[in-house]
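Let me begin by presenting the structure, written as structure tokens, before commenting on it.
What's counted below: heavy atoms across the whole structure, side chains too, no hydrogens, waters or symmetry copies. For ligands, and for the atoms within them, numbers begin at 1 and follow the listed sequence.
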Amino acid sequence: MEKTGTLLIRNARLVTPTGVREGDCLVQDGRIVALGEVRSPGPVPELDAAGRYLAPGFLDLHVHGGAGADFMDGDPAAARAIARFHAQHGTTGLLATIVPGPLDRMRRAMAAVIGIPGILGIHLEGPFLNPEKAGALDAGWLLPPGRDAFRRLAAGFEGQIKVVTFAPELPGALDLVAEIGAIGAVPSIGHTAATYEQATAALVRGARHVTHLGNAMAGLHHRAPGSVGAALLSTASLELIPDGIHLHPAFFRLAVEFLRGRGELHRLCLVTDATAAAGMPAGSYRLGDREVRLERGEVHLADGTLAGSALTLDQALRNAVGFAHLSPEGALTLVTTNPARVLGLDAELGSLAVGTRADLVLLDPELAVSATVCDGEISPGRG
Ligand SMILES: [Zn+2]
């Protein structure tokens, strides 16, 4: 790794909001200060991109862990290791995703991630979820929605909590929407048995994101379109896990083609839902307090329930291109501009433009990561 105040990246295929073009990129003090044909400002470090794509760093709204570590460890060193691991796969900004557990444990996990480079904030995946749709989360720690319970959990972390997943059909859940919004977080539907009507009611009330669409919710049935139907027909942003395991590739393609037909591909965000097993060999790992097993690329509880993934966002990107016949630059918006917009950070992150933060990724033509630039540091990728 190399720390640098100024860096000139030469001969790149710049993935900009207005298209891909050949050129250079000048970084100063962590910002992009020039793009296109850039004259060297003097003797500064240069990186020859050799025609590779230069794109904004990836943003992942849903990460539990990686490289053997879990955010629920409540350990800043573990959190740092997770962020570093995902950076090698192109992710320069992620939401540390906290699962239901004892209150003090959840709060310790939140405290451990604050201020760590590459961690943009917290995604609370619960605890106001439907026990019937807990999936791999520990249903024993789920709570009925309540203003006081939410305030106890969030106190001191307002501004750090960016997304809160809740089940809209639970009594009191609709009142939670405003409560979540009041601390500046995005209310997100997930781990839910909501009917189409119940999900729609929450979307109308201000829920504006959907946690791993299709997973931990009823499927799209022609007589019961459920949360999936409500979500697709809403204006909410949608998370999809394109590992080929959580979703059939055709379901992914259906969602892409539906949104593209409506001119709404900007609503789609790829997420990994990565656990500690990501980047590790087959074996046993933890998700919160539960043991999960990684075998043949799939992560399960002992009873066979899917338990997050071993996916990285670069692989998600390549899968998305294959599943839905997306162009590389089209697929890149699903891991850059779109999640930045969900977080309200689109002026700062997620697009290659002068003035934005210089969190960058260099990709070869097959979309393997050859390097990332984050906080002025160049790190080699693990394509
Ligand atoms: Zn999750």
- Task: Please list all pairs passing the side chain to side chain donor-acceptor pair (under 3.5 Å) test where one or both residues lie in residues 263-278, with sequence neighbours left out.
- Result: D60-T272, H62-D273, H64-D273, R262-E264, E264-R267
- Task: Name all pairs fulfilling the side chain to side chain donor-acceptor pair (under 3.5 Å) condition that reach into residues 95-114, sequence neighbours left out, sorted by first residue then second.
- Result: R105-D289
- Which of the N/O/S atoms in D273 sits closest to the Zn ion (ligand 1)? OD1
- Task: Output the atom name for the N/O/S atom of E125 with the smallest distance to the Zn ion (ligand 1).
- Result: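 Per the distance ranking, E125 contributes OE1 as its closest N/O/S atom to the Zn ion (ligand 1).
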- Message: Under 2.8 Å from the Zn ion (ligand 1), can any N, O or S atom of H64 be found?
- Response: yes
- Message: When you measure from the Zn ion (ligand 1) to the N, O or S atoms of H62, does any of those distances fall below 2.8 Å?
- Response: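 An N, O or S atom of H62 is closer than 2.8 Å to the Zn ion (ligand 1), so yes.
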- Indicate whether the side chain of H300 and that of E295 have a donor and an acceptor atom separated by less than 3.5 Å.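 The criterion, which ignores hydrogens and geometry beyond distance, is not satisfied for E295 and H300.
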- Message: Is it true that R52 and S370 share a donor-acceptor pair across their side chains at a distance under 3.5 Å?
- Response: yes
